[in-house]
Protein chains: 2
Amino acid sequence: MTEMPSGGGMNERRRARLRLEISREAARLFWEQGVAATSGDQIAKAVGLSTRTIWRHFRNKESCAEPVVMQGVAGLLGMVRSWPRERSLEDHLAAELAGLGDKTPPVDLADQTLAMKMIRLADTEPALRSAWLMAYDQVERELCVISGDRLGHLGSDLEGRMHAAAATAVIRVLDEHLGAAVLTGADLSELADAEAVSRCFAHAIRVATGGALGDPID
Amino acid sequence: MTEMPSGGGMNERRRARLRLEISREAARLFWEQGVAATSGDQIAKAVGLSTRTIWRHFRNKESCAEPVVMQGVAGLLGMVRSWPRERSLEDHLAAELAGLGDKTPPVDLADQTLAMKMIRLADTEPALRSAWLMAYDQVERELCVISGDRLGHLGSDLEGRMHAAAATAVIRVLDEHLGAAVLTGADLSELADAEAVSRCFAHAIRVATGGALGDPID
DNA sequence: GACAGTGTGTCACTAAGAGACACCTTGGGT
DNA sequence: ACCCAAGGTGTCTCTTAGTGACACACTGTC
């Protein structure tokens with residue numbers, strides 16, 4: 001009869017951690033040998049679980065890539081989540097970015113490159129492309145809540161959804177662009193200036209939402 | 001040694017027609033009994049082909065839904081494709097819509113409702129959601145060419161891609177909204193005024209692209 | 001009428017993913 | 001200390017999504 005709120009919450013996070021763990025191995029294998037050549041058994045063995053358990057946590061093979069993709073945008077998403085209403089997007093991103101160096105664990109860097117490899121693979125593997133899009137679909141839902149909050153539901157719900165969708169779309173395109181740039185190793189110079197990158201994101205979001213997302217509220 | 005340009009072109013269109021045919025049956029079955037309960041054999045039998053042939057035309061079961069989804073947006077996409085540079089988006093859509101009643105074959109209406117059923121199903125079936133997103137990913141690529149053409153590659157390629165992505169995103173959200181409205185049968189009144197709908201699309205695209213797509217060129 | 005090319009059917013096969021059941025943790029109550 | 005309920009996992013089994021290989025049918029060309 002007694003609920004266990006801590007147990008439930010713990011389980012959810014435990015589950016998320018496990019999914020990420022599996023996803024890391026899966027993404028690595030996908031990158032090293034391609035999606036088709038990677039079997040569920042192989043993923044299971046790599047992460048030290050039974051194959052059956054893999055399918056308990058992922059609805060199919062491609063979707064094993066989703067958590068690393070989500071992890072790749074988690075940084076930006078976290079920043080947007082903590083965006084206080086009274087600040088402009090540019091100010092907030094700049095501030096977050098300033099205090100980012102110390103609190104970002106090194107593991108995130110590995111995840112970041114893994115996520116970039118996934119989008120690269122998505123160019124040739126339609127299955128991964130759909131996983132990539134599904135991950136951003138998730139981002140869109142989260143952004144929808146945030147934009148709904150900032151717009152205070154003054155506009156229609158539909159309007160909020162469009163803003164969220166447009167913002168997510170430009171974020172995705174920027175991610176694809178940056179990912180490609182990093183992996184080709186072309187010019188890392190444009191990435192070096194983190195503030196320029198954040199300004200780029202902020203500007204893109206502002207444009208895509210017709211200015212609805214960007215300005216401080218009230 | 002001799003190419004057959006007519007034959008090749010014919011094949012491509014023949015293939016597209018066949019894919020659509022298969023897709024219609026698949027979508028119908030998906031809607032009637034759910035995706036999981038619909039087998040490849042069943043789709044094959046419904047369309048009068050061997051199962052093997054189904055998998056020659058579609059990489060997996062879910063993607064069987066893509067052609068009807070594409071068909072669902074083909075109307076709008078066609079309009080945007082024929083958008084002359086010297087007209088505004090609003091004017092062009094209104095003009096196209098005026099001369100639309102006569103040239104739209106009735107079969108399109110059935111496809112339209114089928115497409116709407118698919119997005120409805122996508123709410124509960126992640127596999128269909130990814131098919132839906134993949135179809136719009138295709139739309140985005142097409143829009144990318146169009147926007148690149150209209151912007152004359154004056155802006156960066158990246159900018160064109162962001163505009164295309166944002167525009168596609170709002171079109172998708174509007175489609176989802178309209179589809180939901182039609183199927184719930186709530187108020188068809190807001191759909192009755194075709195011109196209002198087209199103005200809605202035009203406005204959304206204009207906003208999402210920061211005005212980059214909408215105005216006449218030069 | 002022989003020919004190339006392309007699309008389809010049939011058969012055999014691999015692997016994705018689910019169902020059923022037993023086991024083993026964890027954590028809480030007595 | 002003991003038991004018990006809940007939920008995650010392994011093992012076994014089975015269905016079916018999806019592929020490879022090969023033969024056959026169709027179509028247009030020389």
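Keep in mind that this is a model prediction, so the values were computed, not measured. Proteins get letters first, then strands, A, B, ... in listed order; numbering begins at 1 in each.
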Hey, which sits more toward the 5' end of DNA chain C by its nearest nucleotide, B:L18 or A:A36? B:L18
Side chain to side chain donor-acceptor pair (under 3.5 Å) between B:Q42 and B:Q33, worked out: CA-CA 11 Å; B:Q42 216 171 345; B:Q33 7 170 317; 3.3 Å; yes
Assess whether one donor atom and one acceptor atom, taken from the side chain of A:R14 and the base of D:dG7, lie less than 3.5 Å apart. no
For a quick test of reading the model: is some side-chain N or O of A:H57 closer than 4.0 Å to OP1 or OP2 of D:dT9? yes
Any side-chain donor-acceptor pair under 3.5 Å between A:E66 and A:Q138? no
Measuring from the side chain of A:R52 (C-beta onward, heavy atoms only), which nucleotide among C:dC11, C:dA20, C:dG17 has the closest atom? C:dA20
Search all heavy atoms of A:E62 against all heavy atoms of A:L128 and return the closest pair with its distance. O-CD2, 4.2 Å
Taking everything shown except A:H57 itself, do over 12 heavy atoms lie less than 6.0 Å from its NE2? yes
Atom CZ of A:R15 and atom P of D:dA6: how far apart are they, to the nearest Å? 19 Å
B:Q42 atom CD is separated from D:dT15 atom C1', nearest whole Å, by 14 Å
Nucleotide of D:dT19, C:dA16, D:dT11 approaching A:W55 most closely (side-chain heavy atoms): C:dA16
By nearest nucleotide on DNA chain D, pick out whichever of B:D41 and A:I54 is the more 5' one. A:I54
For the pair made of NZ in B:K45 and C1' in C:dT8, what is the distance, rounded to whole Å? 17 Å
Judged by each residue's nearest nucleotide on DNA chain C, which is more toward the 5′ side, B:L49 or A:S39? B:L49
Could you check whether any side-chain N or O of A:R150 sits under 3.5 Å from a backbone N or O of A:R85, counting only pairs where one atom can act as donor and the other as acceptor? yes
Both B:K61 and B:R56 contact DNA chain D. Taking the nearest nucleotide for each, which residue is further toward the 5' end? B:K61
In whole angstrom, what separates B:F30's CZ from D:dA17's C1'? 12 Å
Could you tell me how far apart A:R17 (CZ) and D:dG8 (P) are, to the nearest whole angstrom? 14 Å
Measure CD/B:E21 against P/C:dT8 and give the value in whole Å, please. 12 Å
Report which part of the nucleic acid A:N60 touches: base, sugar-phosphate, or nothing (heavy-atom distance under 4.0 Å, all strands). sugar-phosphate
